[in-house]
Structures are given as structure tokens and as C-alpha cells.
Amino acid sequence: MSADAATPPSGSVSDTASTTTWSAGPFAVPNVTGTTGTVSCRSPQLCDDYALKVSVPMGYDAGHSLRIDVKWPDTAADFDLYVLDADGREVAASASSSDPETVLLPAVTASYTVRVVPYAPLGDSFTATASLVDNPVNPPPSTALPPTYANSSAPDSIKDAHNAGEPSIGVDRASGAAMFQAYTSTIKVTYDSAGAATWQDKSAKAANGCPQGSSTSLDPILFTDPATHRTFESQLAGKTALTCYTEDDGETWTPTSGSGINSGVDHQTIGGGPFAPGGPGALTSYPHAVYYCSQDIADASCAVSRDGGLTYGPAVPMYSLLDCGGLHGHVKVAPDGTVYVPNKDCGGNQAVAVSEDDGLTWAVRKNPSSTPGDSDPSVGIGAGGTVYMGYQNSDDDTARIAVSHDKGKTWLYDQNVGASLGIKNIVFPAVTAGDDNRAAFAFLGTTTGGNYQDTTNFKGIWRLYVATTYDGGQSWVTVDATPTDPVQKGSICTGGTTCGNDRNLLDFNDVTLDAQGRVLAAYADGCTGACANGGAQNYDALASIARQSSGNTLYGAYDAVVGGKHKKPRGGQ
């Protein structure tokens, strides 16, 4: 029997009384039945049901939505949200690790059961709110000429060609080689004048100077500094990392200490860039700071290297679980030395942890227009310091991006960049930037709505999309970068180790740009062979890159030839 213990047990919203709230708890017994299919509410794994009635005039949904939020005090706890129609059919769900859990439905007259499931309650209670809200009005899409992309994939001769979940990518702007990380394999990808790709295994190993490389990993990551051309390859190994770097595109590698003392156990990331002014700066001839960040049980931390990544100082906490959820996105460094680490849930908003003193102290700066997502957000930083944060909005799982000119203190132009193509669900945001007014936002998306983690009922077709701005984020032009080859069919699980075979793509993708500002998006292709030709989903994870093949790049100097020579672009990432 389902529990109906909400206080009050029922309520209503209308165009004249637009909000109702209720609460329930405390809950002691977890209900994890949703991980294997339909949620069961039989004792002792109870649910909490609230009867919600919506009464609005005809056509009200054209400008309004029904928003339901469920939140709880302890960020370590977890509740899931489901909405059932009058016939008991599920019409919406938010079953992630976010706090709050949020769903959006069309604002029409209807009766619903709002079901809250104590997935990991830890003795906590929840508070829920149902509101009729105005639909956001997005600016018109960009009128810029849409860029196009050409795709290539690793040959089967490369060890981890089909084990490329969570890929990362960098470009050595001196040689033009793209460096791609796929599990324990580091791959060098070069392009000829016609854009044809050649993939070569350049993995770090004892034979080329890195005895700890290519052997084991809990999380792989790769970072190429666009100014110094040094590429780091790292494999997580508990509270440390097995890390080496190369300055010749993988021909030889140099081992390092790997990470800072007391680093975290999960979700490692490496980045680098200039030191902040006024600090002690570099200890060696290598001019840039290198940051290693990771998540621990109760906080997340970053350590800085002042000798080019050979050794690191102690890991410094960026935030605790009182501030943000533990998992975070990838570290990026601005041209002025400001360091950014994005997070998908900081007290009900997505945010960036920001350091302006070489990682000594950190501040969490929220985007108040956002709601928590299932995928980590991503930031790209323009040559003048403009920050672009792309994220999956938990309201409706759409692709949104916002812009900050003051290091995350305020955010502008927050908008849905997938609306023009009818994209209703996205995962794996990845952002890069070049000139201060140019950025690209890559993500996997589908035009199918509903719970994309429903392994039984979700039938969406996923593709790689890239949105580009040429006017500082005021407008975006979005294109399908994989129009002839789906990246996945059906569900994509972002629930970690509780997932089934639909977690083949793991947790993130990556995006970067080359010396001319071409965008290169790294992704794992989950639908290959017969699947790509109309057959069933095969849950592959093929190492793949979508490389920009036409259109203006992220460096305006390469839009046209000036005086017979290209202008030299500034930094950005």
C-alpha cells in the first residue's frame, strides 16, 4: 500500500492561487525499487503521495508551466520525485541526486498524484512546492551562418577504441595534434589538409618514460595547456593519481607526483593557466600554474603545482557538503589567473567555485536562474575573461547557458539553446571559448521528452549538438553535429554505479579548440555498426571526435585573411 502521509494530504493551484506547499517525514527506510524499474510503494518501502489539482483557463499553458520542487535539509540524503496522472500513469519524474528535485509540466487543468520516494532518506523530512510559473522567453536564435562538423572514430587496432566513456581532449596548438584520452589509452589524432583524421596510440607506459601509466584507472582525465603545449594524462588511484606529462604529443612522457596531499577519491580533473598577479608565481621556468581537483566524502579540494605539474602543494577545500553536492565539473583557468570549478548543485542552484589567489581560498558563486541537474555543468573562458557556463536544467532537462563578466557574481542571457531544434533532454554539457565574445557549447540531446533514465519506456534518439555564440552569449546558433549517426538510442543513465548497461557513456564529454579556433568535441559513440544503420542499441563507447569543418571559428582573426596573413589569436579555452 502506498503511504499518504503528506501534511496536508492534498491541495490545489489555479491562475488566481498559484502556489501550494506540503511536507512529510521523517523517513527512516530507504526505497530503492526505482533502480530496477517501476517504483514499488509496498511496506516497508513506502512512498508519500499528495493529491494535486490544477485549475486554469483554456490556453493558459501557452505562457505558463506547472513546477513541482521537493527539497530536504541534509544534502547527503536523497528523495526522488514522480508525478502520476488521474489514471496512475507516470507523466514526469526527477530521480537524480539533486536537491531539490524538480519537474515541469504544461499548465493545464488536471488532477495528479505527486509521489515522493525516500531513496536514501537518512531520517530526513522533505518540503514540496507546486507552483504555476511563467515560461521563460528566450532571445531569438542567432542569425549567424551555422558551422558544420565532420566526425571520425578510433580504429579497432587501438586498445581502448571501444572503451571511451568519459573522454577528454586537448590540442597541441604548435603541432596541431589533438590528444584524446580513452580510459587508459592516450591517442594522438592528426588531420590532413582535407580534414581526414589519423588516430595513433601514444599511451603513457614504462617504455616511453611513464611506468605508472596505462595500467589501471578509477577515472581518466587529460589536459593540454594551449599556451605551453604540455599535455597531462592522469589516472585516479584512490586519494592520489598516476600522472605523467608529454611535450612531444606522446612520444615521451615524464612522471609526476600526481596530485596534492589529501586529495579526494573521485571525479578528478586537471587544468592550468597563468598565475594570479601578486602571488609567489612559478618556482621553475614553466610559466603556468597546474591544478589538480577532486571530490572526497565530505568536500572537494584543489591543489596547485608551481613547477609545471611535477609536484603539488596540499589540497585546499573548495567547499563542503554544507555548500554544494560533492561532484564537480572540470577546472578551467582564465587569462588573468582566476580559477573556476563548476558544480551542479549548490543549495538549489548550479554554481562555480572561484579562486582569485592561486587556489588558496575559494568562493561559491551561484547562477540564481538555474536549478540542479544530473550532469556536471561546464565553463568556457574567453580571452578577456568572460565566463560561459553551460548546464542541464533540472526543471525540464534542457540545454541552458549563461554568461558572467564579473567572475560569476552575476549572470546574463541565461537561455535554452536547444529550443530552436526541439531538444527536450540533454546530458554531458561541455563548453569552450576563444575570443571573448565567442564560445561553443556541446552536449548530447534528444527531441524526445520524458524521463530519459527510464530503461523500459524511454525511446529517444540521442545526437551530439553544438551551440555557438558570436555575440557574447546574447544569441546562439545550434547544429546537429551527428545528423547521420545516432550517438545513443533509448535511455542514458547518469545515476552512477546503480545504472545498468545504459551507463556505457559514463559521466561526461569534452570540447576544445585548435589554433585557428575550430571546435573539436570528444564523445563516446554508443550506437555503432548495425545500430547506426537502423538496428537495435548496442551500448558501445567508441572513441570519436566531431571537428568543425566550415563556418566562422571561435577566433575572429580567422574569419578572413587580413593583409595576406592571419592575425594571431589570443588565449581562451
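The first residue of the sequence shown is numbered 1, and numbering continues consecutively from there.
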For a side chain to side chain contact (heavy atoms under 4.5 Å, CB included) check, start with the C-alpha distance between V316 and S301, then their side-chain angles and the critical distance, and finish with the verdict. CA-CA 5 Å; V316 175; S301 60; 5.8 Å; no
In terms of side-chain heavy atoms, does Y292 have a donor or acceptor partner in Q268 at a distance below 3.5 Å?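 Yes, because at least one side-chain N or O of Y292 sits under 3.5 Å from a partner of the opposite role on Q268.
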Does the side chain of T455 pick up a donor-acceptor pair with the side chain of D502 at under 3.5 Å?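 There is no such pair between these side chains.
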Using the six-membered ring wherever Trp is involved, compare the ring planes of F441 and W476 and label them parallel, tilted or perpendicular (cut-offs 30° and 60°).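 Aromatic pair F441/W476 classed perpendicular.
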Hey, what's the ring geometry for F232 with F223, parallel, tilted or perpendicular (30° and 60° as the breaks)?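 Ring orientation of F232 relative to F223: parallel.
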Is the positively charged end of R547 above the ring of Y191, judged by distance under 6.0 angstrom from the centroid and angle within 45° of the axis?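 So R547 does make the cation-pi contact.
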Taking every non-hydrogen atom, the tightest pair across [X] and [Y]:
X: S152; Y: W199; result: OG-NE1, 3.4 Å
X: G495; Y: C499; result: N-SG, 3.3 Å
X: N367; Y: W411; result: CA-CD1, 3.5 Å
X: V341; Y: C293; result: CG2-SG, 4.1 Å
X: A524; Y: P167; result: N-CG, 4.0 Å
X: F443; Y: P429; result: CB-CA, 4.3 Å

Less than 4.0 Å between a side-chain N and a carboxylate O, is that true for K239 and D296?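 A salt bridge is present here (some side-chain N lies under 4.0 Å from a carboxylate O).
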Cationic N near anionic O, under 4.0 Å, D414 to R400: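 Looking at D414 and R400, the cut-off is met.
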Please determine whether the number of non-hydrogen atoms from other residues, nucleotides or ligands lying under 6.0 Å from atom CG of L218 exceeds 12.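 Yes - once you tally the heavy atoms of other residues, nucleotides and ligands closer than 6.0 Å, there are more than 12.
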T231 and side chain to side chain donor-acceptor pair (under 3.5 Å): which single residue from D225, D249, T224 fits?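 It is T224, the one option of D225, D249, T224 that forms the side chain to side chain donor-acceptor pair (under 3.5 Å) with T231.
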Min side-chain heavy-atom separation [X]-[Y] under 4.5 Å:
X: Q235; Y: T216; answer: no
X: S257; Y: Y312; answer: yes
X: D454; Y: S491; answer: no

Considering the options V511, V189, T432, V171, which one meets the side chain to side chain contact (heavy atoms under 4.5 Å, CB included) requirement together with L520?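 For L520, the side chain to side chain contact (heavy atoms under 4.5 Å, CB included) test succeeds with only one of V511, V189, T432, V171, which is V171.
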Pick out which of I545, T482, L542, I169 makes a side chain to side chain contact (heavy atoms under 4.5 Å, CB included) with Y523.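 The side chain to side chain contact (heavy atoms under 4.5 Å, CB included) with Y523 is passed solely by T482 among I545, T482, L542, I169.
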Between S370 and N349, does the side chain to side chain contact (heavy atoms under 4.5 Å, CB included) criterion hold? Intermediate values first, please. CA-CA 5 Å; S370 66; N349 298 117; 3.7 Å; yes
Quick one, V339 with Y291, criterion side chain to side chain contact (heavy atoms under 4.5 Å, CB included). Give me CA distance, side-chain angles, the key distance, then yes/no. CA-CA 9 Å; V339 189; Y291 292 88; 3.4 Å; yes
What distance separates [X] [atom1] from [Y] [atom2], expressed to the nearest 0.5 Å?
X: T494; Y: Q392; atom1: OG1; atom2: CD; value: 6.5 Å
X: Q181; Y: T186; atom1: CD; atom2: OG1; value: 3.5 Å
X: R463; Y: T447; atom1: CZ; atom2: OG1; value: 8.5 Å
X: S94; Y: D374; atom1: OG; atom2: CG; value: 6.5 Å

